[in-house]
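Source: prediction; values computed, not measured. Chain naming here is simple, since letters A, B, ... match the order of the sequence lines and numbering starts at 1 in each.
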Amino acid sequence: MGLNAQIAGALTEMARLSELTGADSFRVRAYQRAARAFESLTTDAGDLDRQALLELDGVGHKMAEKVEHIAATGTFPELDELRDKTPAGLIEVLRIPGLGPKTVRAIWQTLGVESLDDLKKSIDDESIATVPRMGAKTIENIARAIDFAASAGDRTRLGLAAPLAALVRERLADVAGVKRLESAGSLRRGKETIGDLDILAVCDDPAALSQAFCDMPGVDEVLAHGETKSSVRMSIPNPRGGADARIQVDLRVVPEDAWGAALMYFTGSKEHNVRLRERAKKQGLTLNEYGLFPDDNEKEPPQKRGVKPKASKTEESIYNALGLSYMPPEIREDTGELDLDRAPRLIEVDDIVSELHAHTTASDGVLSIEELAKEAKSRGFHTIAVTDHSKSQQVAHGLSEERLREHIKAIRAAKVAGISILTGSEVDIMPDGNLDYDDDLLAELDVVVASPHWSLQQKPDKATKRLLKAIEHPLVHIVGHPTGRLINKRGGLEPAMNELIAAAIEHNVALEINCHWMRLDLRDTHVRAAVEAGALIAIDCDVHSAPDFDNIAYGVATGRRGWLTPENVVNTWTKKKLHDWLKAKR
DNA sequence: GCCGTTTTCGGCCCGACTGTTTTCAGTCG
């Protein structure tokens, strides 16, 4: 684990433990905010002096001192003190949906519950009923929430959540009187994993919509069933067989006039919304999910008193009324976007006109060279590169030198009208940083994508050297999925990303955003660092079959989360510009 | 614990829903 992650982890733990011991909520929020600053920090915190630490959002003198402690010792005195006082098992109890710090604290102090197992026992022997405000219904809900947490497991990956959300919207769109329907939440912000799905609707007959929602196939539990809000739990079939994943889906029906305010509110992020409401307040306004209103300090909310909002119908009108330009959902994370005079023109799916990382039946793909090229052509691309695996990837039928030479001939012979087919390889970066083919063979290829596939548990300094060596190689164009992580499965390499980015700029190499929803590698925070430094980015689908081209949406979303604009993305370039860049390395 | 174009102290976003109560505490987003 890198230092930044370690700092973020320690501060998050501090926040959780503080909640459990009854610290005031503003102090808890301060720890959470500082933790987020280090989560998204792309320089190594160890390289920052006191002054630089203080410049981070949400870091003051006391926090900086604690951070320096963590860097030196892995912990800090206040955290150690709280760890001594608080059972470690309570953190997992806190993760059960519906159980907050107050309740966990109560069952801990009155019953001595110190872990999830203790909690289950207290339900079984009914001792939990002696805790204040603990009625039969609450106990029943806790029991169900424990089961749900066990079966839901990790957050759902974007590539599984997005199709499910589309399916839900499709079903609801058939209900009479539905006028608007949109996914909100972290799905709309394009996060790599999703906690629960939020669907927002406008409908003439909210009751019918809500009923249809709760009656959908796949719903196995209804949590709430009202006119404006309904919640269900449903299963996502596992594409590889085995146990289904479960996810909570919320439907909210809102008034048409408040659509923009509601969409903004339910899209989040929470931190972004908090900042917006603070900003509104400073301007003598108040912002809620019904609109932006004049702040008259009345207790009753303005919309209930018939006060006319300054803005509410569209998100753009609300941002404008606050003196801001429209913010694309992907950057609404309170990581500096609210300081912008104008939001950048972010990369879009339609900007992508080439694919430089694709496999055929020669290694582990299912398409022939021609089929691949035709599919790419149908997506409006001017160029497709055929980059099958290199020889070390034996499980993927990686190509020996001889087979690659034959393959090059076959690729050159293939013709599909209207698209350039380039020869290439996704060549393994060996653990020592050498490549899997000799230079004279690599020099024959139009495109070289160098990727790490194994030995992915190397120490950070070794991983950095390994990847730097590949970047410095004069024949390499692109470094594919640079960390090799698999979301929710494998952490992958943790190289010093800033060094890689600096080297990539120096050696005119593009770093890949691999679009597969299990990878999304580079991840959003890495992209942000690359964008700030001005590095080239390749957004590629790592195509193995035709539907893989659709993963482009996830890669583009990841780019947008990193504030990526089209100019530095090689896949947006014209054919001439792209081919000139490739040839410059030959 | 952070922060300052009203403030170096005294604020720190807003509302819905649920379940427990009988006027509200806790959780969530």
Other residues, nucleotides, ligands: >12 heavy atoms within 6.0 Å of A:D84 CG: yes

Between B:dG1 (P) and A:L53 (CG): distance, integer Å: 16 Å

Distance between C1' atoms of B:dA25 and B:dT20 (Å, rounded): 9 Å

Sugar-phosphate only, base, or nothing, as touched by A:A136 at under 4.0 Å among non-hydrogen atoms: sugar-phosphate

Sugar-phosphate, base or nothing in reach of A:F266, heavy atoms under 4.0 Å: nothing

Touch class at under 4.0 angstrom, heavy-atom based, for A:T228 against every strand present: sugar-phosphate

Sugar-phosphate only, base, or nothing, as touched by A:R275 at under 4.0 Å among non-hydrogen atoms: nothing

Sugar-phosphate only, base, or nothing, as touched by A:K270 at under 4.0 Å among non-hydrogen atoms: base

Touch class at under 4.0 angstrom, heavy-atom based, for A:V59 against every strand present: sugar-phosphate

A:E278 vs A:R275, salt bridge (Lys or Arg N to Asp or Glu O under 4.0 Å): CA-CA, chis, key distance, verdict: CA-CA 5 Å; A:E278 285 172 356; A:R275 282 307 192 85; 3.8 Å; yes

Sugar-phosphate only, base, or nothing, as touched by A:N141 at under 4.0 Å among non-hydrogen atoms: sugar-phosphate

Sugar-phosphate, base or nothing in reach of A:L287, heavy atoms under 4.0 Å: sugar-phosphate

Sugar-phosphate only, base, or nothing, as touched by A:P97 at under 4.0 Å among non-hydrogen atoms: sugar-phosphate

Touch class at under 4.0 angstrom, heavy-atom based, for A:G268 against every strand present: nothing

side-chain contact (heavy atoms from CB on, under 4.5 Å) evaluation trace for A:L79 with A:R83: CA-CA 6 Å; A:L79 177 59; A:R83 278 174 174 164; 3.6 Å; yes

A:S325 side chain to A:A343 backbone, donor-acceptor under 3.5 Å: yes

Length of the line joining A:M134:CE and B:dT27:C1', which is rounded to integer Å: 13 Å

Nearest-neighbour nucleotide for the A:M63 side chain, B:dG1, B:dT20, B:dC12 considered: B:dG1

Sugar-phosphate only, base, or nothing, as touched by A:K282 at under 4.0 Å among non-hydrogen atoms: nothing

Sugar-phosphate, base or nothing in reach of A:N273, heavy atoms under 4.0 Å: nothing

Pairwise P distance, B:dT8 and B:dC14 [rounded to whole Å]: 23 Å

B:dT7 to B:dC2 separation - C1' atoms, rounded to the nearest Å: 14 Å

Base-pairing mate for B:dT8 - Watson-Crick or G-U, with both contacts under 3.5 Å: none

Sugar-phosphate, base or nothing in reach of A:T286, heavy atoms under 4.0 Å: sugar-phosphate

Rounded interatomic separation in angstrom, taking CD from A:E278 and P from B:dG10: 20 Å

